[in-house]
Amino acid sequence: MLLDINYFNNEDTPSLAYNLIGKFIFRNENGQINHYMITEVEAYHGLLDKASHARFGKTPRNAIMFGKAGYSYIYLCYGVHWLLNIVTGAEGFPAAILIRGIDKTFGPGRVTRKLNINGSFNGKILAPESELWIEELDTIPPKVLELPRVGIDYAEEYRDMPWRFILGS
DNA sequence: CATTCGATCGGG
DNA sequence: CCGATCGAATGA
């Protein structure tokens with residue numbers, strides 16, 4: 001089942017992120033379709049989240065986070081790595097879920113390399129027509145670990161929020 | 001303008 | 001531990 005705007009149009013970003021573990025990213029490259037289980041994500045939740053790109057309000061870079069759910073938000077991190085996020089929540093509520101791991105690949109920069117995507121995919125709707133989309137293949141809930149997010153030591157009281165989710169064993 | 005500094009990774 | 005690498009954000 002395709003997970004689209006109706007699925008991601010939810011303002012409980014941490015719960016959406018939790019529930020993304022065990023779902024699948026599909027990628028169509030020249031007719032060759034592969035899919036990868038989502039194994040690690042982080043939630044970036046609203047204007048108040050001091051770890052989020054949206055914490056200073058709407059800017060050209062983060063505008064997509066304020067838009068409709070079910071779209072991609074992709075940006076260059078440290079001038080080197082493209083990071084893939086899924087926009088969530090109602091229009092006007094800035095939130096996104098960072099994809100940090102798929103299958104055996106860990107690290108958000110490696111995820112986009114494995115999927116062979118970059119900034120040209122920013123702002124695309126996650127659907128087969130974009131050659132990048134999310135599906136639920138089975139409804140058995142996996143074991144999920146909750147941990148603090150990575151690389152956001154500056155986020156003050158939001159630094160230790162357990163908004164990083166990892167597939168458990 | 002100038003400067004700082006990241007939602008990282010790989011190599012030594 | 002550190003350098004790469006560059007654009008967003010900030011402040012003058």
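Source: prediction; values computed, not measured. Just so we're on the same page: letters track the sequence lines, and every chain starts at 1.
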Exercise for the section: Between protein and nucleotides 3-12 of chain C, map the contacts as a letter string: B base, S sugar-phosphate only, - none, heavy atoms under 4.0 Å, written 5' to 3'. Expected result: -BBB-SSS--

Exercise for the section: Give the intermediate values and the outcome of ring pair (Phe, Tyr, Trp, His ring centres under 6.0 Å) for residues A/His53 and A/Tyr44. Expected result: CA-CA 8 Å; A/His53 287 172; A/Tyr44 289 87; 7.4 Å; no

Problem - Evaluation steps, side chain to side chain donor-acceptor pair (under 3.5 Å), between A/Asp103 and A/Thr105 - result: CA-CA 6 Å; A/Asp103 288 354; A/Thr105 300; over 6 Å; no

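A/Arg27 contributes a side-chain N or O that, together with a main-chain N or O of A/Leu115, makes up a donor-acceptor pair within less than 3.5 Å.
Rounding to whole angstrom units, CG of residue A/Asp153 and P of B/dC5 are separated by 14 Å.
With DNA chain B read from its 5' end, the first of the two nearest nucleotides for A/Arg110 and A/Tyr73 is the one closest to A/Tyr73. Both A/Tyr154 and A/Arg113 sit near DNA chain B, but only A/Tyr154 has its closest nucleotide nearer the 5' end.
Separation of the P atoms belonging to C/dG3 and B/dT4 is 16 Å when rounded to the nearest angstrom. For the C1' atoms, the distance linking C/dC2 with B/dC5 amounts to 16 Å, nearest Å.
Annotation: cation-pi geometry not satisfied between A/Arg55 and A/Tyr158 (NZ/CZ under 6.0 angstrom from ring centroid, within 45° of ring axis). A cation-pi arrangement is present between A/Arg61 and A/Tyr75, with the terminal nitrogen or guanidinium carbon under 6.0 Å from the aromatic centre and inside a 45° cone about the axis.
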Fill in the blank from the handout: Output field dot_bracket for DNA chain C (Watson-Crick or G-U, both distances under 3.5 Å, | for other-strand pairs) contains ||||.||||||.

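Using a 4.0 Å heavy-atom cutoff across all strands shown, A/Leu98 reaches at least one base atom of the nucleic acid.
For A/Leu137, the side chain to side chain contact (heavy atoms under 4.5 Å, CB included) partners two or more places apart in sequence, or in a different chain, are A/Phe24, A/Phe26, A/His35, A/Glu135.
In A/Lys68, the NZ atom is not crowded: 12 or fewer heavy atoms of neighbouring residues, nucleotides or ligands sit closer than 6.0 Å.
Counting only N and O atoms by type, the side chains of A/Glu156 and A/Tyr154 include no donor and acceptor under 3.5 Å apart.
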